[in-house]
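Convention: sequence-line order gives letters A, B, ...; per-chain numbering from 1.
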Amino acid sequence: MPLPFEKPIEDLEARIEDMRRYAAEQQVDMSEEIALLQSRLDRLKSDTFENLTRWQRVQVARAPGRPTALDYLTTAFNDFSELHGDRALGDDPAMVTGLAKLDGRQVVVIGQQKGRDTKENISRNFGMSHPSGYRKAMRMFDLADKFRLPVVCLIDTPGAYPGLAAEEQGQAWVIAACIQRMSRLEVPAVSVVIGEGGSGGALAIGVANRVLILENAIYSVISPESCAAILWRDSGEAEKAAEALKLTAKDLLEQGVVDRVIPEPLGGAHSASAEAIATFERVLREELAALEGLSVKALLEQRYDRFRS
Amino acid sequence: MPLPFEKPIEDLEARIEDMRRYAAEQQVDMSEEIALLQSRLDRLKSDTFENLTRWQRVQVARAPGRPTALDYLTTAFNDFSELHGDRALGDDPAMVTGLAKLDGRQVVVIGQQKGRDTKENISRNFGMSHPSGYRKAMRMFDLADKFRLPVVCLIDTPGAYPGLAAEEQGQAWVIAACIQRMSRLEVPAVSVVIGEGGSGGALAIGVANRVLILENAIYSVISPESCAAILWRDSGEAEKAAEALKLTAKDLLEQGVVDRVIPEPLGGAHSASAEAIATFERVLREELAALEGLSVKALLEQRYDRFRS
Amino acid sequence: MALERLFRRNRPTRKEDDNSPAGLWLKCDACNAQIYRKDLIANLHVCPECGHHYSMPVDARLDMLADVGTFERWSGSIRPVDPLEFEDTQPYTERIEKAEQRQGRPDAIVTGACEVGGLEVGIIVMDFFFLGGSMGSVVGEEIARAAERSADEGRSFVAITASGGARMQEGALSLMQMAKTTVALERLARARLPYVSVLSHPTTGGVTASFATLGDVILAEPGALISFAGPRVIQQTIKQDLPEGFQRAEFLLHKGMVDDVVQRKDLKARLVTVLSALSGAGARAPKEKVSAAAV
Amino acid sequence: MALERLFRRNRPTRKEDDNSPAGLWLKCDACNAQIYRKDLIANLHVCPECGHHYSMPVDARLDMLADVGTFERWSGSIRPVDPLEFEDTQPYTERIEKAEQRQGRPDAIVTGACEVGGLEVGIIVMDFFFLGGSMGSVVGEEIARAAERSADEGRSFVAITASGGARMQEGALSLMQMAKTTVALERLARARLPYVSVLSHPTTGGVTASFATLGDVILAEPGALISFAGPRVIQQTIKQDLPEGFQRAEFLLHKGMVDDVVQRKDLKARLVTVLSALSGAGARAPKEKVSAAAV
Ligand SMILES: [Zn+2]
Ligand SMILES: [Zn+2]
């Protein structure tokens, strides 16, 4: 099912497909017409995606079929070995952690995991972590420091879960502790916003030496819907709120909140995930390589300065 | 209500009291008789308490009216300021922690707290901690290291609580973690078994540079009752088990499990708590003073060697 | 119904914030007693009848905690800007102006140095009446500067929090204040200087999820609402009523999240006890690195 | 009834421990299938029908994990003594003698060096059939020596646990083994060498509450009972039946206590993956001190 603004693209694609079928049946050469249509399609795609409104970007960032943390961990990385549990409260399926290799380099990985279908979305709590998820992340930070392994965090959450148990178990406390613990990492850390960067629940694993974001991902202090509900007293005004919050990759790069934007294939990561993941891998490799040389002191100071300023 | 073997003592005390009253009423001088009886009473007391069987010591260690952790913390120490909570699971009333001064020396205190009456015993879970109690203790170890404060642990528990929630929350995991965390303290640590030292739940706060024990306290790998139930298949054989386990202060000093025995007043700490607490304070002061000079390295090595051997 | 009460409670005692027209008298939200405003203020904004703790204005808080004549203000030199040119039902710039006029300060915080029971302290007090005490770039920067300056001057650090959370009109930049304030506290930790946070009503969202809950010791005021997500949000999420007392200071004490709930009248004495107990090491070894475990 | 099943299960496959007289065949406790003993043993003591994991003898465990011909035994040079002259229904000394004859080793543990997938490893395997794998002074000492030697030789460390807990016949001295084994692990931590513990059925009491749960990574075998207090004790305490699966490996995975539950046939491969992932730092910096947080 396409996003609203993808409808024209889908229609044109259907027409091209139809014409191919027709040409094949009739055994006539329509390659020229098809080529023309194809180039029109490309223009339409680029026009559409280069001029997406902020609210449309939000929809792309949340699009079904967009690669999730596990898609990256099992495709861009090798030997992914998941480690479960926070040793205190439980094992949070919305926060996936473990060991993996990127292009031969051993790293500790932490990813916020949304479902790839409704069933998984429910079991993953739509990517909204409980305190046990952040405790598990902190366990991984300890492991990374002890064994001197770089840390890669994949951010993709609407936010930390606002529920009874989550509050009882100190959601605010673990987010603060996670921010603090990550800022103390003695190893290189790279965070990548791959979809939704939802408020403190996202920042908790975003205190890295380098913070990257995918072209169509978003990172915001509050969801457009909640912002609209509070400031416009009408969650229907989410589109206005999205514009006001300036939460797109381009905005955040200008604000200095992120350091680099990872380009997505034309049509968005959800339309060509293999290509999106390949680009992600290439960029992440560069970023990890760039941090490799740095001393513990340099890493700590760079992270301190990056978030202090 | 006296312990079984205290009955003769109580009877004689009653007689002396009675004679005093009689002498007063009749206005006759019976001071000589009373003095004789008094010295007989002292002999009886010392005979009784110097020859207690191990099972009788167990009863003294558990005696109602015996000073509890809070009695020491509020009497032997000044400015006791309780700190609550483990920041994860809850606040365990069976493990009392906080800041206090001993003779002007600031310390961090941790004490296992039994009830002083049935009502408190229930609220304190009879001194049996849940994982949150050990997590709270670990929080105090962190605080002590950060602010360079010596740690004093008062051990008095039948054992860590064997219940559903306790197991679900990883009772074994937190005890192991607590042992490890305490062994890493960069400050002086003194543990005192003031009553019952019940198995791993006691050891968790017993990995100190110096381990002391009160004269009538016990420290054992298992309670005599449970031991009897397993080995004799009859918990009624607890007396035999107590003998076999060699769990008294004297036994443990010989085994090298404890470093020093703190004498109790004749008749046991429960018969003269003020005096017992005063002696405790004097000895603890000596012990803390003796550790004061040591470097972090020396403290860690001394603790390592003490428990490694 | 519970939730409404929960929000009617703890309202401030400033004229424009209560329902008594003349403002000489007011009806206690908790016990309905008629209270003479002067008595309430004389009683540290705690109801003389039922002990209900009302929000406390910044100046009253400083008067209550700082030894007489020792407070020296640090904050006030920086003013909020409008990086996103944010406009909802009214422009962010207008909101700030109004708040500044009403509260007489450029943003929702006052920081400074003072003595508390003779102890040298750096202190920050949040102003809930300035845009709900929300944390934007200025609030975050003032907190960070105060923490760093306290560390440099060898002072213990005290935070009195009251906030609705991050200031959304500054977008992701306000979110980043959570990280900024957190890393700034590192300076205090490395100097082994104690940091005590006092959570007053209400402390929620991004403030609770950053510096507010990172105190070496965390104290809370009776009845204070302390949360990550607000009760309304949670109720909309789980579609059921919240238990009585949920997210209140006493509830969180029971859940192991705060060290103690302290009556306002006892707060200063408790701060002195705790700070003096923990301030030995800082004096001795201000510059030494502390292992993460111990921090 | 549940509890009994719970204890009938996971029984060992050694002749004297099962109910088939000839011992050629046995009936699976889990699925009741008739199994030919040879098949069971060939299948790593896992039921070919239902996959139920039975206790595994020490030698079979070492054959399964160590690369062929690489295992070199460290343990065996020290023998248990009877410090308390302990005697219940029979003297402790007699119990030890019988166990030694039956198991062919002085106490309930084997330690040594081997290669696992080419990785240099120090390994300890507990023998549940030796007085229930209980930990006394000898078991504790062998574990401590193995951990320290592994650290000195720059080896990763692997523990395969199976124990009823502390050996009460050695009184408080057995309790002290919990501390001894824990502090010995410190050497590995300081050398940044990985320690992986594998919890097999059953792992309880003082072993679970010390070195067994201190692994950098903790793996568990399917269906393994892993607890501090045994199910009987808990049931006597709370006076109610325990939930199905309580204290089992899968339950603990759900509760966040173990990193994964691993089929026996996959165990070696998983160990190789995890150990190789974590053994980079140790090689690089064997002697360096590690901050407690990172340990
Ligand atoms: Zn009132
Ligand atoms: Zn079977």
Side-chain angles (χ1 to χ4, degrees), chain B residues 77-102 104-109 123 129-151 169 174 177 180-187 292 296 300, chain C residues 117 156-157 185-186 188-197 199 208-209 212-220 226 249-262 266-267 269-286 288-295:
Chain B
F77 295 81
N78 313 106
D79 300 350
F80 171 58
S81 172
E82 184 169 2
L83 299 178
H84 293 276
D86 70 347
R87 303 282 187 272
L89 300 166
D91 180 47
D92 189 340
M95 185 85 72
V96 174
T97 71
L99 304 162
K101 283 205 177 79
L102 185 85
R105 178 185 278 105
Q106 185 68 52
V107 296
V108 167
V109 290
S123 72
S129 277
H130 281 74
S132 61
Y134 298 104
R135 291 190 183 278
K136 182 163 58 168
M138 287 190 271
R139 235 193 94 214
M140 292 301 125
F141 294 148
D142 291 346
L143 210 60
D145 267 339
K146 178 174 181 182
F147 296 106
R148 299 230 176 87
L149 300 174
V151 174
Q169 298 170 346
V174 294
Q180 184 176 60
R181 180 63 188 89
M182 191 171 184
S183 74
R184 291 173 174 167
L185 275 174
E186 299 181 348
V187 294
E292 199 163 44
V296 171
L300 285 169
Chain C
S156 302
F157 194 60
L185 291 174
E186 207 66 4
L188 290 157
R190 292 192 176 171
R192 295 180 194 269
L193 290 163
Y195 162 38
V196 176
S197 57
L199 312 180
T208 319
T213 49
L214 292 171
D216 297 304
V217 170
I218 303 175
L219 304 176
I226 303 161
E250 298 73 12
F251 171 88
L252 291 163
L253 178 64
H254 175 65
K255 293 297 178 183
M257 296 300 152
V258 300
D259 285 289
D260 212 350
V261 175
V262 182
D266 305 325
L267 183 58
R270 178 66 72 91
L271 280 174
V272 173
T273 310
V274 170
L275 290 174
S276 58
L278 299 180
S279 42
R284 259 186 273 124
E288 209 165 319
K289 171 88 174 63
V290 183
S291 73
V295 172

Region of B:S81 that comes under 4.5 Å of a non-hydrogen atom in chain C: side chain
So what's closer than 4.5 Å to chain C heavy atoms on B:R139: side chain, backbone, both or neither? side chain
Note: C:R270 and B:E82 closest approach over all heavy atoms is NH1-O, 4.3 Å
Heavy-atom pair of closest approach, residues B:F147 and C:D216: CZ-OD2, 3.3 Å
Can you tell whether the side chains of C:D259 and B:R87 come within less than 4.0 Å, N to carboxylate O? yes
Between atom [atom1] of [X] and atom [atom2] of [Y], what is the distance when rounded to the nearest 0.5 Å?
| X | Y | atom1 | atom2 | value |
| --- | --- | --- | --- | --- |
| C:S279 | B:Q106 | OG | CD | 9.0 Å |
| B:L89 | C:M257 | CG | CE | 7.5 Å |
| C:L278 | B:R148 | CG | CZ | 13.5 Å |

Neighbourhood of chain C inside residues 90-100 of chain B, taking heavy atoms under 4.5 Å as contact: B:G90, B:D91, B:L99
C:D266: which residues meet the salt bridge (charged side-chain N to carboxylate O under 4.0 Å, His left out) condition with it, sequence neighbours left out? none
Check each atom of C:I218 against the heavy atoms of chain B and say whether the ones under 4.5 Å are side chain, backbone, both or neither. both
